[in-house]
Chemist: 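I'd like to ask some things about the structure below.
Here is how names work: the chains are called A, B, and so on, in the same order as the sequence lines, proteins then strands, and each is numbered from 1.
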Amino acid sequence: MTHELPKAYDFKSTEQRIYAMWEAGGYFKPHNDPTKPGFDPNVEPFVISIPPPNVTGELHTGHAIFVSLEDLMIRYHRMKGYATLWVPGTDHAGIATQLMVERMLVREGTSREQIGREKFLERTWEWKHKYAGHITSQIRRLGASCDWDRERFTMDEGLSRAVREAFVRLYEKGLIYRGPRLINWSPGLKTAVSDLEVIYAEEPGTLYFFKYMLADGSGDFIPVATTRPETILGDTAVAVHPEDERYQKFVGRMVSVPMLGREIPVIADEYVARDFGTGALKITPGHDPNDYEIGHRHGLAMLSMLDKNARVNENGGPYAGLDRFEARKKLWDDMKAAGLVIREEPYTLNVPRSERGGEIVEPMISEQWFVRIAPLAEKGLMAVKNGDIKIVPEHFEKVYYNWLENIQDWCISRQLWWGHRIPVWYCADCGKQTCAREDPAACAHCGSTRIEQDPDVLDTWFSSGLWPFSTLGWPEQTPDLKYFYPTSYMETGYDILFFWVARMIMSGLEFTEQAPFHTVYLHGLVRDEHGQKMSKTKGNVVDPLTVMDDFGTDALRFTLLVGSTPGKDTNLSLKKVEANRNFANKLWNAGRFVITNIGQVEEKPAQPADWTLADSWIWARLQQLIRDVERLFQNFQYGQAGQNIYDFFWGDFADWYLEIAKGQMTEGGARAYTTAKTLARVLDISLRLLHPFTPFVTEEIWGHLRRALRESPLADLTADWPEVLIIARWPEPREPEGWEADKTADFTLLQDAIRAIRNLRAEKNVPPAKKLAATLSGGAKTGLLREQSAMIAALAALDPAGLTIVESLADKPENSAALVIGPVEIFLPLAEMVDPEAERARLGKELADAESQIARLEKLLSSDFANKAPAPVVAKEREKLAIYKETAEKINAQLN
RNA sequence: GGGCGCUUAGCUCAGUUGGUUAGAGCGUCUCGCUUACACCGAGAAGGUCGGGGGUUCGAGUCCCUCAGCGCCCACCA
């Protein structure tokens with residue numbers, strides 16, 4: 001019986017069903033599992049840790065691309081027989097999640113402060129439980145073949161223990177310290193943020209010039225420029241360049257802080273640029289990173305003039321209580337009135353803003369926890385330099401080096417509530433710190449029970465940095481950790497190379513003494529179809545869920561995977577997705593065709609038919625494809641591999657072989673049997689190759705194919721097939737065999753001939769339904785033409801009965817249009833349509849083309865090329881020359 | 001200021017050990033409902049591969065240089 005399949009591929013009814021089938025079948029789990037009986041430690045594992053999405057996040061194109069890529073890597077290795085594990089999970093995303101819950105509270109008319117820490121955390125956990133399944137179900141929809149039984153969350157019990165362990169170890173090694181330092185303070189979020197979380201943006205602003213009056217009442221002054229006048233309130237010096245003649249006389253004298261009257265020294269420091277501004281620099285060590293350095297060099301006071309809300313504090317005298325921007329205006333106005341202002345100039349500033357909150361970040365001195373990063377960075381640097389870790393594409397290695405070579409200590413404390421609390425307790429009696437793996441009951445130093453835990457939590461990236469091993473059970477030496485760690489690839493976006501990848505490498509080396517993965521694959525950003533960054537304000541955001549609704553998951557995945565290169569941004573256009581939806585449909589219909597034909601095979605013949613030229617050709621092409629795909633996969637060129645498969649399937653298999661197979665099937669018997677077998681085998685392998693790209697449609701067709709074969713005389717073809725494609729064996733490449741080149745060359749010649757006939761027909765407007773008679777003169781290829789005459793006739797719409805094939809012609813047929821393809825001459829009797837003059841002109845043009853090619857090749861072959869180029873390259877050119885010569889000769893004969 | 005990337009057909013992009021007539025999808029034009037598919041088929045038009053120089057028998061591909069665009073890092077008040 002034949003299977004009745006719908007005319008168009010219906011992804012809607014397929015995807016969910018297939019995914020459920022995979023998951024229920026346990027195919028996402030490693031086939032060799034250290035937690036199960038029968039485990040074989042010698043089977044090689046392949047492991048990816050998912051970049052954990054924010055637990056309450058919403059699917060965006062960034063997720064879509066990483067899931068597509070990682071699922072491709074995972075499916076490929078699974079089919080290759082590795083014990084393949086993709087560990088899923090989510091990140092608690094400290095600031096992002098806390099902000100969302102705070103917003104919810106505001107809507108409820110309350111606030112984080114009002115309900116208190118304990119209640120707030122309760123509410124946040126509730127929120128987490130409510131939304132956590134949301135993002136993971138969206139990830140599933142993309143086809144992600146993760147082992148969901150191993151799903152982890154950065155704040156679950158095990159991972160929290162890992163965080164605690166990591167902190168304590170660093171603390172005990174003296175690699176963690178606490179102290180007042182100049183950090184980036186986000187007044188909106190009321191927390192410190194790391195350097196990486198600050199974004200600089202060019203914005204129009206003002207450069208303010210004013211007078212720093214000498215304190216001696218002489219009326220003399222130093223002109224100074226600043227972009228942030230309010231920080232005058234925190235000035236503790238004025239600096240000039242030591243060799244600046246204008247100001248040397250002031251060095252060592254005192255000047256008076258405007259409106260406050262505080263006296264501060266004039267110092268000399270080479271940091272000051274003589275040619276910028278006035279050449280004199282006000283020094284605010286409490287609110288500027290460079291001034292902080294200078295302050296340290298000169299032993300200046302570190303004065304803070306802002307509080308946590310970025311309001312002026314008691315050090316601001318009359319300005320205390322004002323917001324920083326109000327203070328700026330008021331102070332400047334007052335200075336103007338006092339005659340201290342020189343002028344204002346428009347000036348483009350680089351404004352530091354909080355990546356999350358968006359408000360202007362203030363450098364402030366604050367007590368924070370830091371990781372002494374230098375020793376960790378050194379190891380991280382080495383791991384890539386010595387090749388333990390390879391970064392793809394390679395040029396990101398330089399970026400990585402540059403960052404690690406200039407890295408600053410990492411501020412890991414955040415003044416948030418949602419996160420891993422810092423495991424340090426302060427003693428009210430002896431004042432010392434207790435850092436412990438388990439919550440202590442008493443001070444480790446004096447035994448006092450009057451201890452209190454540090455209120456801060458850790459930077460989210462601290463826990464993410466442990467992800468590849470914490471998710472496998474570390475610090476416990478679990479079977480998973482022993483077998484699956486280190487992981488294999490780390491696939492993620494280049495935008496988090498520093499945030500995440502570098503920190504995972506450093507943490508992995510520090511805590512497990514191994515690189516956490518051997519390969520880092522970085523993908524680019526997904527942009528809109530014109531290469532613009534997607535943003536809500538621009539309104540060009542593409543929602544992957546909508547795209548999947550409209551075109552199917554496979555179409556989205558294929559689009560993201562094909563036509564992109566490692567590390568390069570990808571433009572996502574719906575046109576492309578649509579085209580790939582069409583490709584899925586092409587697969588579907590080719591599959592239908594094959595399945596229908598399998599159904600027409602009545603019995604297994606005693607003697608199978610020999611392969612036709614087309615059979616040989618498609619098989620040779622397929623083998624070449626397998627080789628190419630393997631090579632491209634090894635080089636991480638997934639996009640090119642996908643393109644090659646697409647071209648093969650559509651261009652070779654569907655457009656040519658399927659059309660030829662129609663004819664072969666009608667011959668019935670052994671011919672039909674062999675043809676159906678070839679159709680099935682090529683389809684099978686194509687689906688296997690394509691499965692990592694478009695898992696749903698391939699699985700669905702493959703299932704139908706397998707069933708159809710099993711119910712047919714071709715059942716033995718499926719003898720070693722598993723029940724589902726997802727675990728079918730990956731096609732292994734083999735060396736090309738001798739016959740492949742010859743068969744391919746013959747077939748290509750026929751393709752050229754058929755195309756030439758079609759072309760001429762189109763030019764002359766011959767209706768497709770009109771079957772033309774033709775005379776073919778084949779020379780050395782006469783045998784080939786005779787053998788393939790039925791195929792040629794079918795594909796070129798010739799009349800098989802009117803087809804004459806000869807080795808050579810004494811006279812050119814009358815009233816015919818002539819085509820010459822190397823040794824083959826084709827005459828089409830288009831009497832009424834042929835204008836002899838136009839025909840001569842057309843042939844003349846073709847002759848000229850051939851002759852110019854001959855001239856080009858003869859020149860080439862008589863140059864140094866013939867001596868210096870490799871023999872096969874030269875041979876190829878000689879062959880071309882021979883064909884052109886033959887063509888030219890034939891055309892000449894016809895023109896005379 | 002330092003570093004990196006990009007510039008190929010009207011649009012969006014492939015093109016990785018340099019091989020000699022540069023590819024795809026979309027768009028455009030002409031035909032066609034040929035028993036898998038109109039989410040299709042056949043055919044066509046369209047590019048001096050940003051400019052200049054160099055290496056080489058040979059350069060879209062390697063080197064230098066210029067221009068434009070983009071990104072990252074640093075942050076001269």
Side-chain angles (χ1 to χ4, degrees), chain A residues 5 7-9 195 200 207-208 224-228 231 239 271-273 275-284 288-291 347 349-350 352 393 395-396 398-399 402-403 406 494-495 497-498 524-525 529-531 533 551 555 559 562-565 567-573 575-576 578-597 632 635-637 639-640 643 646-647 651 654-655 658-659 662 755 758-763 765-769 794-795 797 849 852-853 856-857 860 863-870 872-874 876-877 880:
Chain A
L5 299 180
K7 231 176 151 179
Y9 171 56
D195 293 345
Y200 289 84
L207 189 55
Y208 300 86
V224 175
T226 181
T227 56
R228 295 186 295 156
T231 62
Y271 171 79
V272 181
D275 55 356
F276 189 84
T278 64
L281 178 60
K282 63 188 266 321
I283 305 297
T284 322
D288 183 278
N290 292 308
D291 294 5
Y347 187 72
L349 316 166
N350 239 338
H395 72 256
F396 277 107
K398 270 191 220 162
V399 180
N402 183 52
W403 189 70
N406 299 294
Y494 65 72
D495 52 328
L497 177 61
F498 307 141
L525 267 45
E529 61 182 319
H530 298 294
K533 210 166 174 171
F551 301 109
T559 306
V562 170
S564 74
T565 344
K568 280 180 69 173
D569 293 352
T570 330
N571 297 358
L572 177 60
S573 91
K575 287 271 185 210
K576 274 196 236 174
E578 190 182 358
N580 289 325
R581 185 272 318 261
N582 295 350
F583 178 54
N585 192 238
K586 182 54 101 170
L587 288 172
W588 179 256
N589 277 293
R592 276 176 71 211
F593 174 83
V594 172
I595 287 162
T596 308
N597 281 290
L632 292 164
N635 294 324
F636 305 96
Q637 294 176 257
Q640 192 58 47
Q643 187 66 51
Y646 178 105
D647 291 342
D655 286 348
L658 253 50
E659 291 306 319
K662 287 175 185 172
R755 285 200 186 99
R758 287 170 174 174
N759 184 347
L760 188 69
R761 292 179 62 112
E763 260 178 42
N765 290 317
V766 181
L795 296 197
D849 285 349
S852 84
Q853 292 297 337
R856 199 195 98 238
L857 287 165
L860 178 68
S863 71
D864 263 2
F865 171 76
N867 310 322
K868 298 198 176 174
V873 176
V874 178
K876 210 171 113 196
E877 298 307 313
K880 279 191 213 165

Chemist: Considering only the C1' atoms, how many Å lie between rA45(B) and rC31(B), rounded to the nearest integer?
Modeler: 15 Å

Chemist: May I have the distance from Arg758(A) (atom CZ) to rC31(B) (atom P), rounded to whole angstrom?
Modeler: 19 Å

Chemist: May I have the distance from Asp647(A) (atom CG) to rA14(B) (atom C1'), rounded to whole angstrom?
Modeler: 10 Å

Chemist: Is the Trp588(A) ring parallel, tilted or perpendicular to the Tyr9(A) ring (thresholds 30°, 60°)?
Modeler: tilted

Chemist: Could you give the NZ-to-C1' distance, from Lys398(A) to rC71(B), as a whole number of Å?
Modeler: 15 Å

Chemist: Where the side chain of Tyr271(A) is defined as all heavy atoms beyond and including C-beta, which of rC57(B), rC76(B), rA36(B) is the nearest nucleotide?
Modeler: rC76(B)

Chemist: rA42(B), rG19(B), rC39(B): which one has an atom nearest the side-chain heavy atoms of Ala869(A)?
Modeler: rG19(B)

Chemist: Measure from the side chain of Tyr200(A), starting at C-beta and using heavy atoms only, and say which of rG43(B), rC57(B), rC75(B) lies closest.
Modeler: rC75(B)

Chemist: Please tell me which of the listed nucleotides, rC39(B), rG43(B), rC75(B), lies nearest to the side chain of Ala762(A)?
Modeler: rG43(B)

Chemist: Would you mind telling me which of rG25(B), rU12(B), rC39(B) lies closest to the side-chain atoms of Ala8(A)?
Modeler: rC39(B)

Chemist: Indicate whether OP1 or OP2 belonging to rC26(B) is found under 4.0 Å from a side-chain N or O atom of Lys575(A).
Modeler: no

Chemist: Taking the minimum atom-to-atom distance to the side chain of His395(A), which one of rG5(B), rA36(B), rA24(B) wins?
Modeler: rG5(B)

Chemist: In Watson-Crick or G-U wobble terms, both distances under 3.5 Å, what is the partner of rA74(B)?
Modeler: none

Chemist: Would you measure the distance from the C1' atom in rC49(B) across to the matching atom in rC37(B) and give it in whole Å?
Modeler: 36 Å

Chemist: Using the C1' atom on both, measure rG47(B) against rG10(B) and round to a whole Å.
Modeler: 11 Å

Chemist: Can you check the distance between rU55(B) and rU7(B), where both ends of the measurement are the C1' atom (answer in whole Å)?
Modeler: 23 Å

Chemist: Just the rounded figure in Å: distance from P of rC4(B) to CG of Leu497(A).
Modeler: 15 Å

Chemist: Taking atom P in both rG58(B) and rG19(B), what distance in whole Å separates the two?
Modeler: 15 Å

Chemist: Would you please confirm or rule out a distance under 4.0 Å between OP1 or OP2 of rA14(B) and any side-chain N or O of Thr565(A)?
Modeler: yes

Chemist: Roughly how far apart, to the nearest Å, are rG53(B) and rU61(B) at atom P?
Modeler: 14 Å

Chemist: Could you walk me through whether Asn290(A) and Tyr271(A) pass side chain to side chain contact (heavy atoms under 4.5 Å, CB included), step by step?
Modeler: CA-CA 9 Å; Asn290(A) 292 308; Tyr271(A) 171 79; 3.1 Å; yes

Chemist: Return yes if the base of rA24(B) and the side-chain atoms of Gln640(A) contain a donor-acceptor N/O pair under 3.5 Å, otherwise no.
Modeler: no

Chemist: Rounded to whole angstrom units, what separation is found between the CG atom of Asn582(A) and the C1' atom of rA24(B)?
Modeler: 14 Å

Chemist: Among the nucleotides rA74(B), rC37(B), rC73(B), which one has an atom lying closest to any side-chain atom of Asn589(A)?
Modeler: rC37(B)

Chemist: Answer yes when Lys282(A) and Asp291(A) have at least one side-chain N-carboxylate O distance shorter than 4.0 Å, and no when they do not.
Modeler: no

Chemist: Record whether the side chain of Asn867(A) comes under 3.5 Å of the base of rC57(B) through a donor-acceptor pair of N or O atoms.
Modeler: no

Chemist: Using whole Å, what does the distance between atom C1' of nucleotide rC71(B) and atom CG of Asn402(A) come to?
Modeler: 14 Å

Chemist: I want to verify a distance call: between rC76(B), rA42(B), rA36(B), whose nearest atom is closest to the Asp655(A) side chain?
Modeler: rA42(B)

Chemist: Tell me which nucleotide among rA36(B), rC31(B), rC37(B) gets nearest to the side chain of Pro768(A).
Modeler: rC31(B)

Chemist: In whole Å, what separates the C1' atom of rU17(B) from that of rC75(B)?
Modeler: 42 Å

Chemist: Would you indicate, yes or no, if rA38(B) has its OP1 or OP2 atom less than 4.0 angstrom from a side-chain nitrogen or oxygen of Lys7(A)?
Modeler: yes

Chemist: Could you give the distance separating rU56(B) and rG70(B) at their P atoms, to the nearest angstrom?
Modeler: 38 Å

Chemist: Quick one: label Asn580(A) by what it contacts on the DNA or RNA (base, sugar-phosphate, nothing), any heavy atom closer than 4.0 Å.
Modeler: nothing

Chemist: In whole angstrom, give the distance that lies between atom CG of Asp569(A) and atom P of rC6(B).
Modeler: 12 Å

Chemist: Is the shortest side-chain N/O distance from Asn759(A) to OP1 or OP2 of rA44(B) below 4.0 Å?
Modeler: yes

Chemist: We want to know whether Thr570(A) and Lys568(A) form a side-chain donor-acceptor pair, criterion being a heavy-atom distance below 3.5 angstrom.
Modeler: no

Chemist: Decide whether Gln643(A) and Asp647(A) meet the rule of one side-chain donor and one side-chain acceptor closer than 3.5 Å.
Modeler: yes

Chemist: Counting only side-chain N and O atoms of Tyr347(A), is one of them less than 4.0 Å from OP1 or OP2 of rA77(B)?
Modeler: yes

Chemist: For Lys568(A) and rC4(B), what is the distance between atoms NZ and P respectively, to the nearest whole Å?
Modeler: 17 Å

Chemist: Quick check for you: among rC39(B), rG41(B), rA77(B), whose closest atom lies nearest to any side-chain atom of Lys586(A)?
Modeler: rG41(B)

Chemist: Is it the case that Tyr494(A) and Asp569(A) place a side-chain donor and acceptor less than 3.5 Å from each other?
Modeler: yes

Chemist: Does a side-chain heavy-atom distance below 4.5 Å link Asn580(A) with Phe551(A)?
Modeler: no

Chemist: Think Lys662(A) has a side-chain N or O under 4.0 angstrom from the OP1 or OP2 of rA36(B)?
Modeler: yes

Chemist: Do Thr565(A) and Gln637(A) touch side chain to side chain, with heavy atoms closer than 4.5 Å?
Modeler: no

